[in-house]
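Counting begins at 1 with the first residue of the sequence. Both ligands and their constituent atoms are indexed starting at 1 by order of listing.
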Amino acid sequence: MDRVVIIRYGEIFLKGKNKSYFESLLVNNIKSALKGYKHEFSRSQGRYVVSGYDIDCEYEIIDILKKVFGIYSLSVADRVETDHLNGFPQIKESLKALALQVFGQNTIANPTFRMTVKRADKRIPMRSCEIAALLADVVLTNTNFKVDLTNYDYDFLVDIRENGYAYIYNEVIHGAGGLPVGCSSKGLLLLSGGIDSPVAAYMMAKRGMKQVAVHFASPPYTSERATAKVVELRDIVNPYTTDMPLYVVPFTEIQLEIHEKCPAEYMITIMRRFMMRVATLIAEREGCLAIVTGESLGQVASQTVESMTSTESCAGLPIFRPLIAFDKEETMAIAKKIGTYETSIQPFEDCCTIFLPKNPSIHPNLKKVAEAEKKLDIDELVARAVADAYKV
Ligand code: ATP
Ligand code: MG
């Protein structure tokens with residue numbers, strides 16, 4: 001008997017011509033997610049099976065697989081030989097152990113169960129319902145559970161596959177859903193240390209976008225610890241985004257120049273326009289086809305329609321804003337789910353919060369902003385920032 005993890009993937013994206021492309025991306029992502037663990041990987045009729053792993057690592061493996069986009073559900077199962085000619089002895093043995101375990105943990109009064117048998121192996125002359133009746137007997141003998149096919153508390157599942165093996169389990173764990181990362185080209189993520197941008201990374205990865213992250217730091221106004229926090233956030237979302245590189249761009253010189261030469265009310269707008277220019281150049285270098293931000297409409301002064309229009313005109317690529325219509329609470333709920341929240345709320349300075357004017361312009365006039373910027377050597381400043389960017 002073997003213990004295995006069954007992986008089920010979404011059927012929707014597997015229809016049509018791109019099926020094998022999507023599948024190979026998903027397989028690669030699963031293999032790379034599990035690279036630190038001894039295991040075997042096999043395909044079996046529309047699902048994958050991970051086996052041969054150290055049982056102590058089972059929980060960790062499940063946890064990792066729950067973060068791989070494209071996986072819809074998982075089950076931990078016993079894999080045994082079907083052996084129908086001898087009356088399914090191994091299936092019965094495994095089912096008995098499972099029934100006893102569920103029985104031992106049961107806290108429900110008058111518990112009920114259902115036996116679900118799928119028989120793909122047509123060499124077996126018995127019908128699924130006949131096998132189910134036979135196997136239900138094992139549960140009835142070893143527990144106080146009663147059969148109820150509609151209002152059941154427990155579902156015992158036995159998949160009898162064509163390869164001579166049967167899988168026995170009673171739990172279906174939700175996967176992350178979405179599309180395999182890599183199937184929706186590459187985006188350049190603007191990653192701050194806040195709550196929103198790590199969630200934006202998660203959202204775009206869910207739709208299959210591979211991402212490269214860029215963080216603007218302003219030493220000595222922002223500390224090393226502030227940058228370390230961003231690296232930590234990247235590491236937390238990495239299981240979802242699959243190995244996301246992170247560039248740190250020194251932003252101090254640009255900010256000081258703007259601070260010195262431009263009207264204070266446009267500080268934020270002009271700063272964000274520079275972010276877009278730098279991001280566009282790094283995106284080109286990395287082969288990214290879009291810029292991703294954690295902006296949400298109306299959240300702060302720089303996130304009005306006018307402000308976004310003003311920054312957008314400096315981006316050479318489309319800007320994707322997956323949180324644009326989210327309330328903060330909705331974003332926070334996702335941040336908590338994916339585990340970034342606690343790190344995001346650590347109070348470290350951000351480059352956007354230093355040099356913050358008292359009265360930022362909420363509806364910046366594009367012409368006036370462009371006029372104000374003329375005092376700066378834009379190309380030179382941007383080129384230097386890109387040249388000084390380093391990967392962590
Ligand atoms: P977040 O919680 O993601 O920091 P926010 O609500 O604080 O967002 P802003 O600070 O206005 O809003 O930032 C809006 C978006 O701009 C961020 O979501 C992020 O994509 C990008 N951004 C802001 N600051 C930085 C930075 N220092 N480095 C990289 N990107 C940044
Ligand atoms: Mg922020």
Side-chain angles (χ1 to χ4, degrees), residues 187-204 211-219 221-223 225-231 233-234 236-237 241 244-252 254-255 267-280 282-283 288 290-308 310-312 314-315 317 319-332 334-336 338 340-357 360-362 364 385-386 389-390 392:
L188 189 102
L189 167 78
L190 297 190
L191 182 63
S192 71
I195 295 170
D196 301 336
S197 37
V199 174
Y202 163 84
M203 300 288 289
M204 294 317 299
Q211 290 163 90
V212 174
V214 166
H215 175 70
F216 295 92
S218 307
Y221 303 99
T222 60
S223 63
R225 190 61 196 88
T227 302
K229 173 185 165 182
V230 178
V231 174
L233 285 171
R234 187 275 309 268
I236 297 171
V237 292
T241 54
M244 180 166 67
L246 168 62
Y247 282 93
V248 176
V249 179
F251 207 46
T252 320
I254 291 177
Q255 285 185 297
M267 179 78 209
I268 293 185
T269 306
I270 296 178
M271 210 171 79
R272 302 192 63 80
R273 285 162 65 88
F274 270 92
M275 283 188 181
M276 289 304 169
R277 293 183 180 110
V278 172
T280 302
I282 298 179
C288 299
I291 292 172
V292 178
T293 77
E295 288 165 305
S296 161
L297 188 62
Q299 196 179 84
V300 289
S302 61
Q303 296 178 23
T304 60
V305 175
E306 291 88 341
S307 299
M308 285 193 256
S310 168
T311 46
E312 198 152 319
C314 296
L317 294 167
I319 302 178
F320 289 178
R321 301 177 175 92
L323 312 183
I324 195 70
F326 274 27
D327 289 345
K328 196 75 187 182
E329 279 68 30
E330 293 172 296
T331 303
M332 276 162 54
I334 299 176
K336 284 176 186 165
I338 66 175
T340 52
Y341 183 76
E342 291 302 326
T343 303
S344 287
I345 58 171
Q346 285 173 20
F348 286 105
E349 48 321 310
D350 179 75
C351 78
C352 292
T353 51
I354 54 175
F355 306 114
L356 199 66
S361 170
I362 299 175
V386 172
Y390 58 95
V392 285

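- Those atoms of ligand 1 with a heavy atom of V214 less than 4.0 angstrom away are 29 (C).
- With hydrogens and angles ignored, the 3.5 Å screen pairs a side-chain donor or acceptor of T304 with a backbone N or O of S307.
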>> T269 vs S310, test: side chain to side chain donor-acceptor pair (under 3.5 Å). Steps then yes/no.
In response: CA-CA 7 Å; T269 306; S310 168; 5.3 Å; no

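- Below 3.5 Å of separation, one finds an N or O of L190 facing an N or O of ligand 1.
- Polar contact check, G294 against ligand 1: a nitrogen or oxygen pair lies under 3.5 Å apart.
- When side chains are defined from C-beta on, L188 does not count as touching Q211, because their heavy atoms never get closer than 4.5 Å.
- Considering both main-chain and side-chain atoms, G193 never comes within under 3.5 Å of ligand 1 through any nitrogen or oxygen pair.
- The contact set between ligand 1 and H215, taken as ligand atoms under 4.0 Å from a residue heavy atom, comprises 26 (C), 27 (N), 28 (N), 29 (C).
- Among the candidates E295, M308, R277, the single residue satisfying the side-chain contact (heavy atoms from CB on, under 4.5 Å) test with R272 is E295.
- The closest side-chain heavy-atom distance from F274 to F216 is not below 4.5 Å.
- Annotation: side-chain hydrogen bond (donor to acceptor under 3.5 Å, both in side chains) contacts of T340 (sequence neighbours excluded): none.
- We find that R321 and E312 are joined by a salt bridge, their nearest charged nitrogen and carboxylate oxygen being less than 4.0 Å apart.
- Comparing Q303, M308, M276 against atom 9 (P) of ligand 1, the shortest heavy-atom distance belongs to Q303.
- Contact atoms of ligand 1 toward G194: 1 (P), 2 (O), 4 (O) (distance under 4.0 Å to a heavy atom of the residue).
- Not a single N or O atom of T293, backbone or side chain, sits closer than 3.5 Å to an N or O atom of ligand 1.
- Relative to the six-membered ring of Y341, K336 meets both conditions, a distance below 6.0 Å and an angle of at most 45° to the axis.
- In the candidate list K328, R272, E295, R272 is nearest to atom 13 (O) of ligand 1, counting heavy atoms.
- Looking at L189 against ligand 1, nothing comes within 4.0 Å, counting heavy atoms.
- Each of the atoms 2 (O) of ligand 1 lies under 4.0 Å from some heavy atom of I195.
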